**Student:** 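The structure under discussion is supplied below as structure tokens; questions concerning it will follow.
Chain letters run A, B, ... following the sequence lines, proteins first, then strands; residues in each count from 1. These numbers were taken from a predicted model, which means no experiment stands behind them.
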There are 2 protein chains.
Amino acid sequence: MRWTIDDVPVFLAVVDQKGVTAAARTLGMPKSTVSKALGRLEEALGLRLIERNSRNLRITSEGETFYRQAVLIMEQVREADAAMAGLNAVPAGRLVAALPPALCQELVAPNLASFRTRYPSVELDLIVTSHGVDLLRDQVDIAVVVGPQADSDLISRTLYSGPLIWVASPGYLAANPLGNDTDDLLAHIRICEKRYGLARLPVRVDGEPAYMDLARRITHVNDPISVRAAVLGGFGITLLPELYCRGQLRRGELTRVAEHITLDLSASVLSVVYPGRRLMSPKTRAFLDFLDEVVAKR
Amino acid sequence: MRWTIDDVPVFLAVVDQKGVTAAARTLGMPKSTVSKALGRLEEALGLRLIERNSRNLRITSEGETFYRQAVLIMEQVREADAAMAGLNAVPAGRLVAALPPALCQELVAPNLASFRTRYPSVELDLIVTSHGVDLLRDQVDIAVVVGPQADSDLISRTLYSGPLIWVASPGYLAANPLGNDTDDLLAHIRICEKRYGLARLPVRVDGEPAYMDLARRITHVNDPISVRAAVLGGFGITLLPELYCRGQLRRGELTRVAEHITLDLSASVLSVVYPGRRLMSPKTRAFLDFLDEVVAKR
DNA sequence: ATCTATCGTTCACAATTCTGAACGAACGGG
DNA sequence: CCCGTTCGTTCAGAATTGTGAACGATAGAT
């Protein structure tokens with residue numbers, strides 16, 4: 001097959017409008033372009049579709065046969081165009097998102113009803129994972145990952161970057177009075193999130209740079225919710241993103257301590273990774289906005 | 001709609017072959033062309049159809065939606081291509097031919113069974129007419145016209161150019177002996193075909209150029225068969241294309257006379273007119289060949 | 001960790017298509 | 001019959017697309 005499918009609507013227009021000039025007007029293109037396209041189609045098919053001179057034209061019987069086929073082709077093309085226009089206008093279709101467990105359990109899952117209400121045509125596939133995600137290999141549209149993300153073809157940006165706070169249960173504190181120096185704090189840390197379990201965790205003590213060793217003799221878990229559950233059960237003091245402690249703090253289930261020892265906001269960063277901003281589908285945009293909202297929610 | 005339909009098979013190939021390079025091989029085009037076409041389609045649709053890096057690709061859900069539509073489009077395109085290829089391979093379809101009555105009655109009609117046997121898929125529409133034909137305005141594929149045809153965009157060529165002969169019925173001749181000079185011949189002419197009814201019809205008498213006046217006192221008819229019928233009925237001597245007298249001469253119903261007075265072959269010319277030889281449909285070619293055959297038949 | 005092979009993309013030039021202008025043809029009005 | 005208008009086609013230059021070569025990225029083997 002050697003004919004140009006894009007010449008089909010040109011041919012249809014010439015027949016429908018009964019002339020090259022009228023077809024050109026309808027199509028919004030020069031008549032020399034129409035003449036050329038029609039001639040090219042006839043040459044490629046090896047058949048005259050339209051007999052014509054400078055004043056008259058008539059469709060040949062071959063032209064009639066092709067006309068019937070051409071109408072069906074363009075109907076199909078319009079259907080495809082409408083379907084894609086629909087996808088481009090309203091968020092719809094399946095979206096696969098890989099999320100860390102904590103983010104999913106604490107912030108995303110509790111708000112899914114709201115997302116569904118707002119975007120009834122988006123079908124979410126959530127993958128809770130704590131290891132890295134390859135969008136291509138794992139067939140994922142969006143991924144939220146713990147920590148900053150290296151530059152790549154994929155877009156990544158900070159979804160969350162907020163305060164880390166030291167917390168303990170009131171019961172633990174009543175039974176284990178806390179002194180004021182860093183060593184005393186360190187003595188009470190039994191468990192922490194894996195990403196803070198460093199031999200030299202950079203901190204600020206009263207604004208001064210310092211390091212804390214959370215590597216040895218401390219349980220490390222790559223799930224802040226598990227860390228929180230342990231501390232709620234009296235397992236010492238720990239460092240947690242304020243993001244995951246709001247409710248417990250409000251209800252008095254956890255208490256902030258050692259507020260003079262702080263960490264950089266970037267230490268708690270969650271990154272969201274997705275394909276380039278260009279050609280972003282509406283559903284992807286919608287889910288990104290949704291993530292921004294649930295993270296910002298107080 | 002601003003996407004290029006010709007990019008659709010490229011997209012389908014990339015998905016089916018799972019890669020730009022493999023698709024390029026299948027399509028027989030450079031991979032940069034494939035990459036460009038795919039990117040152009042995505043840009044025009046405003047949606048990513050395929051997520052990809054240098055080693056992996058996966059179709060997006062938008063891509064899946066478009067894929068389903070694209071498959072239907074290309075099915076339709078293939079159907080159209082097959083229909084047109086069929087038309088280009090085997091003579092088929094309606095053919096409208098305008099023919100002079102004599103040619104049609106005497107040569108074409110008696111042989112139509114043979115034509116149909118040979119080309120069962122060609123549907124003939126024969127228009128018997130004795131006036132000029134405009135292929136475009138009269139919606140005619142081929143026309144046979146009496147006399148030569150002026151040059152034009154249409155192709156015309158001589159279909160028939162043969163001897164004109166003087167004939168009379170034996171009964172008439174028995175009752176009206178014919179002398180040998182031209183004036184005597186002239187005295188016996190009562191009727192002739194309109195195109196020979198000239199005041200100065202160029203003839204050759206024993207090879208010498210001369211003129212005969214067939215304009216006055218002679219009945220003119222633009223149908224050689226009517227002229228023949230009259231002469232068969234004893235209405236004098238007339239001039240007829242040998243083409244239309246073969247059977248009658250063979251059966252002794254007509255007799256040749258004045259064989260020393262001849263006319264130029266071109267005087268009896270029948271021209272066939274049809275659109276340019278380029279892009280001639282098989283059915284047109286078939287009918288032209290058929291006309292050549294019936295005219296050459298003895 | 002390094003190297004090699006292969007992929008998809010991009011750039012700059014080659015190739016092709018688009019199109020404005022001009023032309024010949026056709027048709028209707030005077 | 002002549003003239004003016006409009007049509008479809010064609011040409012030459014403008015514009016766009018195609019594509020070979022080069023590049024950065026990826027993945028598998030060592």
**Student:** Do the side-chain N or O atoms of A/Arg40 get closer than 4.0 angstrom to the phosphate oxygens (OP1, OP2) of C/dC18?
**Tutor:** yes
**Student:** Would you tell me if any nitrogen or oxygen in the side chain of A/Thr21 comes within less than 4.0 Å of OP1 or OP2 on D/dG8?
**Tutor:** yes
**Student:** Could you check A/Ser54 against A/Lys31 and say which one's nearest nucleotide on DNA chain C is further toward the 5' end?
**Tutor:** A/Lys31
**Student:** Round to a whole Å and report the spacing from CG of B/Asp6 to C1' of D/dT16.
**Tutor:** 15 Å
**Student:** Rounded to the nearest angstrom, tell me the gap between atom CD in A/Gln17 and atom P in D/dC7.
**Tutor:** 13 Å
**Student:** Output all residues satisfying ring pair (Phe, Tyr, Trp, His ring centres under 6.0 Å) with A/Phe287, sequence neighbours left out; order by chain, then residue number.
**Tutor:** A/Phe115, A/Phe290
**Student:** Mind calculating the distance between CD (A/Glu42) and P (D/dT9) to the nearest angstrom?
**Tutor:** 8 Å
**Student:** Out of C/dA26, C/dT9, D/dG8, which has the shortest distance to the side chain of A/Arg55?
**Tutor:** C/dA26
**Student:** Take atom CZ in A/Arg200; do more than 12 heavy atoms of anything else shown fall under 6.0 Å from it?
**Tutor:** no
**Student:** Taking atom types as they are modelled, is there a donor-acceptor pair under 3.5 Å from the base of D/dG20 to the side chain of B/Ser32?
**Tutor:** yes
**Student:** Give B/Gly39 one of three labels, base, sugar-phosphate or nothing, depending on what nucleic acid heavy atoms sit under 4.0 Å from its own.
**Tutor:** nothing
**Student:** Can you measure B/Leu57 atom CG to C/dC7 atom C1' for me and round it to whole angstrom units?
**Tutor:** 10 Å
**Student:** Can you measure B/Lys18 atom NZ to C/dC7 atom P for me and round it to whole angstrom units?
**Tutor:** 15 Å
**Student:** To the nearest Å, give me how far apart CD1 (B/Ile50) and P (C/dG8) are.
**Tutor:** 10 Å
**Student:** Are A/Arg58 and B/Asp141 close enough for a salt bridge, meaning some N to O gap below 4.0 Å?
**Tutor:** yes
**Student:** Expressed in angstrom and rounded to an integer, what is the separation of A/Lys36 atom NZ from C/dG20 atom P?
**Tutor:** 14 Å
**Student:** Side chains of B/Thr4 and B/Asp6: is there a donor and an acceptor less than 3.5 Å apart?
**Tutor:** no
**Student:** In whole angstrom, give the distance that lies between atom CG of A/Leu136 and atom C1' of C/dC7.
**Tutor:** 12 Å
**Student:** Is any NZ, NE, NH1 or NH2 atom of the basic residue among A/Glu123 and A/Arg94 found under 4.0 Å from an Asp or Glu carboxylate oxygen of the other?
**Tutor:** no
